Number of protein chains: 2
Amino acid sequence: MTKTTIYDIARLSGASPSTVSAVLNGTWRKRRIRDATVATIQKIAAEHGYTLNRQARGLRQARSGMVGMIIPLHDNRFFSSLSQTFDTFVRARGLCPVIASTLRDPDEERRIVSTLISYAVDSIFIAGATDAGPLSDLCAAAGVPHVFVDLPGRNAPSVVSDNYRGAEMLTGQILAHMPRLSDLRRARPCFIGGSERDYATQRRMEAFRAVCAARGIEISDDDVQPCGYAPAAARAALRDIYQRRGGLPAGLFVNSLTVFEGVLAQFTELKAEEPAAIQIGCYDYDPFAAFLHFPVYMVRQNSDALIARAYDILESGETAPVMIEVEPDLIEPRTVFQNAPMNLG
Amino acid sequence: MTKTTIYDIARLSGASPSTVSAVLNGTWRKRRIRDATVATIQKIAAEHGYTLNRQARGLRQARSGMVGMIIPLHDNRFFSSLSQTFDTFVRARGLCPVIASTLRDPDEERRIVSTLISYAVDSIFIAGATDAGPLSDLCAAAGVPHVFVDLPGRNAPSVVSDNYRGAEMLTGQILAHMPRLSDLRRARPCFIGGSERDYATQRRMEAFRAVCAARGIEISDDDVQPCGYAPAAARAALRDIYQRRGGLPAGLFVNSLTVFEGVLAQFTELKAEEPAAIQIGCYDYDPFAAFLHFPVYMVRQNSDALIARAYDILESGETAPVMIEVEPDLIEPRTVFQNAPMNLG
DNA sequence: TTCCTTTGCGCAATCGATTGTGCAGCTTAT
DNA sequence: ATAAGCTGCACAATCGATTGCGCAAAGGAA
């Protein structure tokens with residue numbers, strides 16, 4: 001019942017605990033253990049179902065073999081995709097992933113990072129923190145390597161989507177395909193969703209305005225509504241836009257999938273032709289959104305590349321606040337198969 | 001740079017390490033430590049940014065304060081929803097969630113469970129394992145309490161969706177709303193997706209057949225196609241059905257969201273009226289699928305209740321292979337708001 | 001004053017591994 | 001034959017906390 005330890009195996013094999021340890025953790029060549037001894041010990045270990053106590057090893061080595069990641073929430077296409085990639089990468093290196101969600105609460109963020117540190121994680125990936133500075137400080141104080149993913153950190157390296165480029169592509173498609181409406185109130189495209197305090201949203205708004213300006217379309221503050229990420233708020237924002245303009249705008253830049261949910265909810269109050277008569281683009285990708293009754297351009301962030309680059313940075317030992325940008329993909333309407341990642345369902 | 005320990009604080013405060021330990025872990029009342037001593041030690045600890053080394057504590061206590069969960073993949077609405085609930089539950093108890101994905105690989109499953117055990121997790125939630133028996137054995141050998149979620153375990157308690165009931169409701173809606181087609185080849189509803197080795201799929205097929213039989217509809221083996229979970233396979237299966245029958249069947253029971261993706265992909269080859277002219281039901285829920293141009297009934301599994309019941313069982317100390325069923329919710333078409341869980345996006 | 005409690009805290013063992021060092025015994029070279 | 005070197009392993013300290021036990025000093029009762 002009580003788990004077997006190297007001491008038990010030492011007793012049973014007549015060897016010393018240090019020899020057993022070396023055999024079982026693979027360092028026995030360095031210690032010049034005879035092959036016969038190795039075999040004996042491995043046999044006994046197997047017979048007794050020995051399993052390493054990683055807390056003991058970790059205590060001695062001052063590292064746990066775990067790698068932490070914090071995300072705002074699991075229940076989201078983009079972040080769960082990040083999780084999946086992270087999980088795969090970490091496990092491929094023989095380490096154990098620990099992913100915790102913060103619900104975008106700064107206190108939770110600090111608490112989780114502290115917890116991870118107290119478990120002596122080898123390093124930490126921080127995705128979508130609302131308050132990056134203090135997290136960096138916590139990690140730095142503990143000497144834990146860390147990297148920001150999807151948002152730029154001030155005092156540590158970060159890997160982010162090229163939000164400007166993604167929004168540029170998306171806005172370009174919206175402008176290229178939206179109808180030319182004679183009603184001036186509806187002729188200009190709108191940007192909806194996200195938070196102004198959000199780095200990603202800032203960059204996307206910037207690109208949206210720039211592309212519009214380049215086509216000679218003047219965007220007013222009224223055309224840009226960073227109303228947060230909640231579907232209900234997005235729905236209300238769209239209702240306002242609709243009422244003020246007497247209809248949907250010719251183009252709609254939807255800043256996230258949850259915002260899109262709110263937009264769709266509002267659409268249920270309209271005639272089916274109305275959404276179909278404008279051009280919609282959504283930043284972030286969902287396969288079902290690709291099958292709505294009107295075409296939607298979408299941007300899919302490249303979570304594989306984000307995690308891969310982040311890992312590169314950590315493994316290079318870089319700790320300076322460099323920033324790497326990863327270009328996202330523009331997804332044409334109705335292309336679920338050609339571009340969807342493998343999903344084992 | 002080197003982290004402060006209770007020994008450092010003991011030296012600085014003039015107290016003994018055991019006193020410092022008691023103060024910092026909150027058990028000082030039991031040890032009758034003076035309030036003044038407590039205050040001094042806490043002050044010094046705060047000044048030096050002391051953080052607990054949980055590996056040391058864990059080694060001594062033979063438990064880590066972590067709770068493990070394994071899931072097939074993160075990148076899936078149902079499992080990421082389970083993850084979110086699990087995360088919230090575990091953290092609410094002051095513990096640390098560790099969620100790892102197995103990609104439905106039995107070897108991976110065993111490896112991960114072993115790893116979790118070697119980290120001395122307090123307990124393990126097993127969601128969606130392909131080979132439950134060996135996992136139970138591993139946990140039992142290590143004396144780690146565990147519970148199966150979403151699939152029944154043989155030697156341990158489990159909490160599963162009431163797949164029969166869910167499929168019963170869904171089939172009921174499909175039959176109630178599907179058109180009566182004179183073409184006999186197309187008159188019977190079809191069941192598509194999932195794996196026959198899968199407990200959940202078995203139960204759902206059972207209910208599908210039973211409800212059909214109750215309405216006097218005779219189902220042949222040809223009407224039931226458990227073609228797996230991959231979108232591509234589902235697409236091919238639907239193409240076959242379409243060709244053999246000369247059109248879509250009047251009713252379609254889609255056994256998972258990824259299968260639905262494949263179905264939709266195949267729909268793009270049809271005229272838009274065709275899917276709209278039949279009745280579709282999907283086991284599992286996606287908000288965007290609720291906004292397609294034809295109404296879809298969906299079943300949403302109750303991940304909150306699944307995790308809550310699983311936790312109840314673990315906390316009750318139950319280790320016998322009891323099985324608890326949780327009823328899923330039937331979601332009417334276009335009701336994204338009334339029923340969707342809060343999603344902070 | 002003497003004895004008994006209670007208060008407040010220290011001592012030292014312990015959890016299970018890792019790792020720097022030491023040292024017999026056997027080889028090989030000279 | 002002696003020194004030098006190599007082989008194969010054991011010893012013991014160490015990581016940082018927790019915890020059973022013990023004991024001096026203070027307080028109270030008789």
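Predicted model only: the values in this text are computed from it and were never measured. Lettering follows sequence order; numbering is per chain, from 1.
Applying the ring-ring contact (aromatic ring centres under 6.0 Å, His included) rule to pairs touching residues 16-39 of chain A yields nothing, sequence neighbours excluded. Pairs engaging residues 92-144 of chain A under the ring-ring contact (aromatic ring centres under 6.0 Å, His included) rule: A:Phe86-A:Phe125, A:Phe125-A:Tyr311 [sequence neighbours left out].
Scored by the salt bridge (Lys or Arg N to Asp or Glu O under 4.0 Å) test, A:Arg57 finds no partners at all (sequence neighbours excluded). Looking at residues two or more places apart in sequence or on another chain, you find a side-chain contact (heavy atoms from CB on, under 4.5 Å) between A:Arg63 and A:Gln61, A:Asp122. For the side-chain hydrogen bond (donor to acceptor under 3.5 Å, both in side chains) test, residues two or more places apart in sequence or in another chain that qualify with B:Ser101 are A:Gln84, A:Asp87. With sequence neighbours left out, the salt bridge (Lys or Arg N to Asp or Glu O under 4.0 Å) criterion links A:Asp131 to A:Arg110. Residues meeting the side-chain hydrogen bond (donor to acceptor under 3.5 Å, both in side chains) test with B:Thr130, sequence neighbours left out: B:Glu109. Evaluation of the salt bridge (Lys or Arg N to Asp or Glu O under 4.0 Å) rule for B:Glu318 yields no partner, not counting sequence neighbours.
Where B:Ala62 and B:Val20 meet DNA chain C, the nucleotide closest to each residue was compared, and B:Val20 sits on the side nearer the 5' end.
Using a 4.0 Å cutoff on non-hydrogen atoms, no part of residues 40-48 of chain B comes near DNA chain C. Of the residues in residues 110-120 of chain A, not one places a heavy atom less than 4.0 Å from an atom of DNA chain D.
Summarising the geometry of B:Gly128 relative to B:Pro72, their closest heavy-atom pair is O-CG, 3.4 Å, with the distance given to 0.1 Å.
Between the CG atom of A:Asn53 and the P atom of D:dT14 there is a distance of 21 Å, given to the nearest Å. Regarding A:Arg63, its CZ atom lies at a distance of 18 Å from the P atom of C:dA17, rounded to whole Å. Regarding A:Lys30, its NZ atom lies at a distance of 11 Å from the P atom of C:dT18, rounded to whole Å. Straight-line distance from the CZ atom of B:Arg29 to the P atom of C:dT7: 12 Å, rounded to whole Å. With rounding to whole Å, B:Trp28 atom CH2 is found 20 Å from D:dA17 atom C1'. As rounded to whole Å, 13 Å separates atom C1' of D:dC15 from atom NZ of B:Lys3. Following rounding to the nearest Å, A:Gln55 (CD) and C:dT14 (C1') show an atom-to-atom distance of 15 Å.
Each of B:Asp198, B:Asn76, B:Thr258 was checked for a side-chain hydrogen bond (donor to acceptor under 3.5 Å, both in side chains) with B:Tyr229, and the lone residue meeting it is B:Asp198.
Heavy atoms of other residues, nucleotides or ligands lying less than 6.0 angstrom from CZ of B:Arg93 number more than 12.
OP1 or OP2 of D:dG16 has not a single side-chain nitrogen or oxygen of B:Thr5 nearer than 4.0 Å.
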Every protein N/O within reach of nucleotides 18-24 of chain D N/O, cut-off under 3.5 Å:
unit_1: D:dT18; atom_1: OP1; unit_2: B:Asn25; atom_2: ND2; d: 3.4
unit_1: D:dT18; atom_1: OP1; unit_2: B:Arg57; atom_2: NE; d: 2.7
unit_1: D:dT18; atom_1: OP1; unit_2: B:Arg57; atom_2: NH2; d: 3.0
unit_1: D:dT18; atom_1: OP2; unit_2: B:Ser21; atom_2: OG; d: 2.3
unit_1: D:dT18; atom_1: OP2; unit_2: B:Asn25; atom_2: ND2; d: 3.0
unit_1: D:dT18; atom_1: O2; unit_2: B:Arg60; atom_2: NH1; d: 2.2
unit_1: D:dG20; atom_1: N7; unit_2: B:Arg31; atom_2: NH2; d: 3.1
unit_1: D:dG20; atom_1: O6; unit_2: B:Arg31; atom_2: NH1; d: 3.3
unit_1: D:dG20; atom_1: O6; unit_2: B:Arg31; atom_2: NH2; d: 3.2

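Side-chain atoms of B:His146 come within 3.5 Å of backbone atoms of B:Val144 as a donor-acceptor pair (strictly under, hydrogens ignored).
Look at B:Arg309 and B:Glu325 and you find no salt bridge, because none of the NZ, NE, NH1 or NH2 atoms lies under 4.0 Å from a carboxylate O.
Checking B:Ser80 against A:Ser80 by side-chain atom types alone, no donor-acceptor pair falls below 3.5 Å.
For the helix from C:dT1-D:dA30 to C:dT30-D:dA1, the angle separating the two terminal helix axes comes to 50°, with each axis derived from five pairs and the value rounded to 10°.
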